[in-house]
Asker: 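Sharing a structure, written as structure tokens. Questions coming.
So you know, we letter chains A, B, ... as the sequences are listed, proteins then strands, and number each from 1. Just so we're clear, the structure is a prediction, and the values are computed from it rather than from any experiment.
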Amino acid sequence: MDRVKPILFVAGIGCFVFSVALSGLYPWLISGGREPEHTLEQVSADVTPEFRELKAQFPVKFAAAFPEAAAALSGQELAKLDAMDARRAASEKAWQAAHAKALRRGRDIYIAEACWHCHSQFVRPVANEEQRFGRIRTMRDDNNTLQRPMLWGTRRVGPDLTNEGGLRSNDWHMAHLVDPSATSPGSIMPRYTWMQEKGWQVRATIDSNIAAREGLPEETSHALPGVYPTQAEAEAAMKRLQDAPPANMEEEVERLFVTEAMGPTADALALIAYLQWLGRWQAPVAEGTR
Amino acid sequence: MTTNTVAPVLVDGRELVNKALVKWHFVMAVCFMLTSMIGGLLISFQFLDAYMFEGIPWLAYGRVRLLHTNEIAYGFLVNAFLGAIYYAIPRMTGRPVFSDKLGWFILWVWQFTVVATSVGQLLGFTQALEWGETPTGFKPGTFELEYIPVDFLIEVGAVLVAIQFLTSIFRSIHQRLYVSLWYFSAAFIWLILTYVMGNNLPEWVLPGSSGAATVGLFIHDLVGLFVTPLGWGLMYFFVPIILRKPVWSHALSTIGFWALAFFYPLNGVHHFLLSSIPMSVQYGAVISTIAVEIVVTTVVVNFFATMRGSGAALRTNLPIRWFYTGMVFYFTTCLQCAFQTTLTVQEIIHFTDWVPGHAHLVMLGVFAMWLMGIITWMWPRLTGREWYSRALNSWHYWLTMLGVLIMFFDLVAGGLVHGFMFKAMAPWMDIVEALKPFWGVRTFAGAMIVAGQVLWAWNLYKTAHGSMPYDASRDIVQGEEN
């Protein structure tokens with residue numbers, strides 16, 4: 001034992017502890033350590049417009065994935081309410097709860113699929129990275145729960161995602177996840193085909209007169225929001241529309257029909273919510289420093 | 001030293017070396033090496049947009065990538081190192097390890113953790129810690145257990161390994177400890193500390209930059225404080241034994257030890273240079289990384305000086321040829337490291353294929369080659385059987401060596417293309433198109449390497465089940481072909 005003591009204690013423990021103090025503890029003490037980690041509630045409080053849009057685009061799946069958002073109202077719905085209506089506050093609270101849940105779940109998928117091994121979240125002040133990828137994040141920006149464990153990454157097979165939020169539409173992200181080469185020709189990103197699932201959708205055929213005027217082929221149709229898990233639910237939804245059609249539908253739409261369609265999974269919604277959040281949140285100026 | 005294959009050395013009625021344990025660790029090492037490398041080869045097709053398992057969630061590129069890196073670290077390297085030190089440590093101390101029963105327990109628990117790691121990663125239970133994506137087992141951000149807590153099992157395993165081998169070292173019959181034992185003793189402590197730090201601080205305590213600093217420490221310490229000291233210790237043990245002459249300088253080997261202990265752990269932050277980690281810490285990491293390259297020359301110089309006058313062994317002795325090739329690659333990779341750690345070079349090469357090129361040269365070109373040399377030297381002595389085919393061993397060497405060389409130059413060149421095009425603001429998809437030929441060559445090199453390993457595994461299997469006994473007396477003849 002005596003012969004090994006200096007090796008075990010000086011080299012083994014001593015040198016190691018010294019290194020952790022110098023390169024782990026010291027940077028923590030002189031910067032992040034002064035300020036507590038920003039919580040999930042803090043970073044998700046500002047609900048992104050894209051997240052609100054997800055609910056309008058995929059109402060059925062959204063309601064199933066984020067039941068917290070049941071009371072969440074859209075901009076149009078809020079416009080009808082009084083300024084003092086209690087439903088306003090309840091709606092915003094519901095949005096925030098759903099957003100926090102989506103970010104956490106989206107980030108977990110981002111880790112499980114090892115997205116972070118090909119996409120960095122780390123813009124450097126060299127090699128024109130700011131021009132290409134946008135703002136550089138500070139130590140305080142990354143001092144938040146969604147960066148523990150941190151997701152800077154060490155390899156860029158694909159582009160950096162630090163400031164990805166708001167750059168592209170939800171539809172773009174959904175199409176890109178399922179078949180990246182559809183939106184980015186030549187892309188070698190894997191096709192995450194399991195991010196979508198089969199369902200049923202209501203489609204509307206455009207009025208033949210309008211179609212003729214606009215030079216569209218006959219039987220041109222567009223999808224109405226919502227992908228339903230079963231044919232019966234989609235048909236029920238169609239019937240509701242037929243019974244009480246929205247204002248502009250009667251003149252523009254010739255007929256409604258139900259067809260099979262692919263829709264996002266709950267995981268895909270969460271992942272898109274996370275991607276749309278990236279770079280949106282910045283640490284506020286520290287209290288008492290200004 | 002050489003009588004072991006004739007009659008086992010007994011200490012207090014126990015065999016000094018438990019050859020069955022050595023053999024089984026080697027068997028598991030080779031199995032995991034094969035699965036890891038085949039995984040690596042398969043996912044390389046993703047870069048050519050020709051991955052055959054696309055669309056199957058649990059075989060997705062990202063998940064198999066984790067299997068590739070983790071099985072090499074925890075499946076191949078750890079098993080091969082354990083096998084080698086089950087032989088080396090008792091031979092150097094004259095005392096058996098703590099307990100053979102504990103040895104079997106560690107063996108099977110370890111294989112369980114490696115399999116659980118891979119299964120977990122394929123199912124999506126992953127920890128976002130590079131080279132340590134072993135599942136914590138807990139639901140992220142909570143203490144709800146939802147999978148096997150693999151991290152914890154590995155921590156327990158590391159402690160058991162330390163008990164197993166330090167017992168033998170504490171009881172050594174020799175007055176002074178040979179330098180290999182210094183490296184090994186420290187490595188056991190470092191493995192425990194590194195693993196506990198890396199798998200807990202960034203996961204549960206430190207977010208963002210502070211987390212990144214400790215993640216950098218973990219990635220680097222796993223190489224520098226576990227793989228490196230075990231690799232060096234084994235070189236200092238096996239080279240003199242196979243060549244039958246002492247190392248050139250014992251003083252140099254001990255200087256190397258203390259320098260490694262001091263400088264190597266200070267390097268970690270160099271994995272995140274030009275980041276929001278305080279600049280003083282980054283500069284410190286750059287300087288100590290360059291210092292480490294000077295430290296590394298101690299083992300390189302010692303090896304080549306010991307080799308002097310034994311050049312013929314390169315032709316006749318395959319294990320020595322593996323060691324020699326590994327040592328040449330080691331010098332290359334360390335020299336490369338001293339340059340690539342500077343901020344000037346980092347600007348271009350970070351985030352590019354240069355880094356995987358470097359990583360493959362150091363893990364496969366250096367440490368795996370040394371271990372392949374050791375396993376090749378020991379296999380006939382362990383099984384008591386003559387090689388099934390020496391030609392296959394030769395094929396193994398040339399396919400692996402050329403494969404690594406091609407892969408290294410290919411990835412480094414591709415990394416430079418990526419880095420300079422990136423800086424010149426080329427559109428992203430133009431960079432991807434420019435890299436596709438390099439990725440094609442990488443797949444070809446990978447296929448060469450995998451072919452080499454398959455031939456070797458076949459040879460090991462046929463040898464173990466062969467009928468021609470190994471002539472142990474040949475061990476006494478100097479310069480004998482191995």
Asker: Verify the neighbour count for atom CH2 of Trp58(B): are there more than 12 heavy atoms of other residues, nucleotides or ligands below 6.0 Å?
Answerer: no
Asker: If every non-hydrogen atom of Pro125(A) is compared with every non-hydrogen atom of Leu274(B), which pair is closest and at what distance?
Answerer: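 Looking at all heavy atoms of both residues, the closest pair is CD-O, 3.5 Å.
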Asker: Please state whether the side chain, the backbone, both or neither of Pro135(B) comes within less than 4.5 Å of a heavy atom of chain A.
Answerer: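 It is neither, since no heavy atom gets under 4.5 Å.
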Asker: Would you mind checking which part of Leu266(B) comes under 4.5 Å of any heavy atom in chain A, side chain (CB onward), backbone (N, CA, C, O), both or neither?
Answerer: both
Asker: Which is it for Phe47(B) and Val157(A) under the side-chain contact (heavy atoms from CB on, under 4.5 Å) test, yes or no, and what are the steps along the way?
Answerer: CA-CA 9 Å; Phe47(B) 288 78; Val157(A) 185; 3.7 Å; yes
Asker: Give, as side chain, backbone, both or neither, the part of Ser280(B) having an atom under 4.5 angstrom from any heavy atom of chain A.
Answerer: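 Contact with chain A: side chain only.
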Asker: Please classify the contact between Tyr26(A) and chain B as side chain, backbone, both or neither, with a heavy-atom cut-off of under 4.5 Å.
Answerer: side chain
Asker: In plain terms, say whether Asp108(A) and Lys139(B) are close enough for a salt bridge, that is, a side-chain N and a carboxylate O under 4.0 Å apart.
Answerer: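 No, no charged N to carboxylate O under 4.0 Å.
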Asker: Is the closest side-chain heavy-atom distance between Ser276(B) and Thr138(A) below 4.5 Å?
Answerer: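 A side-chain contact under 4.5 Å is absent here.
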Asker: Do Val355(B) and Arg155(A) have side chains that approach each other closer than 4.5 Å (heavy atoms only, starting at C-beta)?
Answerer: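 When only atoms from C-beta onward are counted, Arg155(A) and Val355(B) do not touch, as no gap falls below 4.5 Å.
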Asker: Is the closest side-chain heavy-atom distance between Phe170(B) and Val4(A) below 4.5 Å?
Answerer: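 Heavy-atom side-chain distance check passes, below 4.5 Å.
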Asker: Apply side-chain contact (heavy atoms from CB on, under 4.5 Å) to Ile7(A) and Tyr183(B), showing your working.
Answerer: CA-CA 8 Å; Ile7(A) 293 163; Tyr183(B) 283 115; over 6 Å; no
Asker: Between Arg3(A) and Arg176(B) (side chain of the first, backbone of the second, donor and acceptor by atom type, cut-off under 3.5 Å), is there such a pair?
Answerer: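 Such a contact is absent between Arg3(A) side chain and Arg176(B) backbone.
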Asker: For the pair Arg156(A) and Asp353(B), find out whether any cationic side-chain nitrogen is under 4.0 Å from an anionic carboxylate oxygen.
Answerer: no
Asker: Which bit of Ile431(B) is near chain A, if near means a heavy-atom gap under 4.5 Å: side chain, backbone, both or neither?
Answerer: side chain
Asker: Can you name the closest pair of heavy atoms from Ala128(B) and Leu151(A) and give their distance?
Answerer: CB-CD2, 3.6 Å
Asker: Under 4.5 Å heavy-atom distance to chain A, tell me which part of Leu225(B) shows up: side chain, backbone, both or neither.
Answerer: side chain
Asker: Which pair of heavy atoms, one from Ala127(A) and one from Glu347(B), lies closest together, and at what distance?
Answerer: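 Where Ala127(A) meets Glu347(B) most closely, the heavy atoms are N-OE2, 3.1 Å.
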Asker: With a 4.5 Å cut-off on side-chain heavy atoms, are Glu130(B) and His117(A) touching?
Answerer: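 His117(A) reaches Glu130(B) side chain to side chain.
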Asker: In terms of heavy-atom pairs under 4.5 Å, which option from Val10(A), Ile109(A), Val17(A), Asn128(A) contacts chain B the most?
Answerer: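 Going by pairs under 4.5 Å, I would pick Asn128(A).
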Asker: Before we go on, tell me: are the rings of Phe272(B) and Trp152(A) under 6.0 Å apart, centre to centre?
Answerer: yes
Asker: Show your reasoning for whether side-chain contact (heavy atoms from CB on, under 4.5 Å) applies to Arg191(A) and Asp49(B).
Answerer: CA-CA 10 Å; Arg191(A) 293 174 181 83; Asp49(B) 202 12; 3.3 Å; yes
Asker: Going by heavy atoms in the side chains, are Met197(B) and Phe16(A) under 4.5 Å from each other?
Answerer: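 Yes, side chains in contact.
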Asker: Give the member of Glu113(A), Arg124(A), Met150(A) that has the highest number of heavy-atom pairs under 4.5 Å with chain B.
Answerer: Arg124(A)
Asker: Heavy-atom pairs under 4.5 Å with chain B are the metric here; pick the option from Ser181(A), Ala11(A), Ser187(A) that has the most.
Answerer: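 Counting heavy-atom pairs under 4.5 Å, the top option is Ala11(A).
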Asker: Of the backbone (N, CA, C, O) and the side chain (C-beta and beyond), which part of Leu22(A) lies under 4.5 Å from a heavy atom of chain B, both, or neither?
Answerer: both
Asker: With only heavy atoms counted, which part of Met189(A) is less than 4.5 Å from chain B, the side chain, the backbone, both or neither?
Answerer: backbone
Asker: Counting heavy-atom pairs closer than 4.5 Å to chain B, which one of Arg137(A), Arg132(A), Gln147(A) comes out on top?
Answerer: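 Looking at each option in turn, the highest pair count goes to Arg132(A).
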Asker: Does Phe422(B) have its ring centroid less than 6.0 Å away from the ring centroid of Phe133(A)?
Answerer: yes
Asker: Quick one, Ile188(A) and Tyr51(B) - any side-chain contact, counting heavy atoms below 4.5 Å?
Answerer: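 In short, these two side chains do not touch, never coming nearer than 4.5 Å.
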Asker: CD of Gln127(B) to CD1 of Ile111(A): how many Å apart, nearest 0.5 Å?
Answerer: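 So the CD of Gln127(B) and the CD1 of Ile111(A) are separated by 9.0 Å.
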Asker: Taking all non-hydrogen atoms of both residues into account, name the closest pair between Ala213(B) and Pro27(A) and its distance.
Answerer: CB-CG, 4.4 Å
Asker: Below 4.5 Å from any heavy atom of chain A, which atoms of Pro356(B) appear? Answer side chain, backbone, both or neither.
Answerer: side chain
Asker: What part of Ser19(A) lies closer than 4.5 angstrom to a heavy atom of chain B: side chain, backbone, both or neither?
Answerer: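 For Ser19(A), the contact with chain B is made by backbone and side chain together.
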Asker: Against chain B, label Gln131(A) side chain, backbone, both or neither, depending on which of its atoms sit under 4.5 Å from a heavy atom there.
Answerer: both
Asker: Between Trp428(B) and Asp160(A), is the side-chain contact (heavy atoms from CB on, under 4.5 Å) condition met? List the steps.
Answerer: CA-CA 10 Å; Trp428(B) 191 269; Asp160(A) 186 274; over 6 Å; no
Asker: For His174(B), is it the side chain, the backbone, both, or neither that has a heavy atom closer than 4.5 Å to a heavy atom of chain A?
Answerer: backbone
Asker: Are any of the side-chain heavy atoms of Trp28(A) and Thr214(B) separated by less than 4.5 Å?
Answerer: no
Asker: Chain A heavy atoms under 4.5 Å from Leu66(B): which part of the residue, side chain, backbone, both or neither?
Answerer: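 Side chain of Leu66(B) only, per the 4.5 Å heavy-atom cut-off to chain A.
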Asker: Chain A heavy atoms under 4.5 Å from Glu433(B): which part of the residue, side chain, backbone, both or neither?
Answerer: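 Just the side chain, heavy atoms under 4.5 Å.
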Asker: Relative to chain B, which segment of Val20(A) carries a heavy atom at a distance below 4.5 Å: side chain, backbone, both, or neither?
Answerer: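 Its backbone and side chain both get close to chain B.
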Asker: Using a 4.5 angstrom heavy-atom cutoff, name the option from Ile136(A), Val126(A), Asp142(A) with the most pairs to chain B.
Answerer: Val126(A)
Asker: Which bit of Leu193(B) is near chain A, if near means a heavy-atom gap under 4.5 Å: side chain, backbone, both or neither?
Answerer: both
Asker: Looking at Cys115(A), Gly24(A), Gly14(A), Ser23(A), which one has more heavy-atom pairs under 4.5 Å with chain B than the rest?
Answerer: Ser23(A)
Asker: Should Leu166(B) and Leu8(A) count as side-chain neighbours, where that means a heavy-atom distance under 4.5 Å?
Answerer: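 Contact flag for Leu166(B)/Leu8(A) side chains = yes.
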Asker: Counting only non-hydrogen atoms closer than 4.5 Å, does Glu54(B) touch chain A with its backbone (N, CA, C, O), its side chain (CB onward), both, or neither?
Answerer: side chain
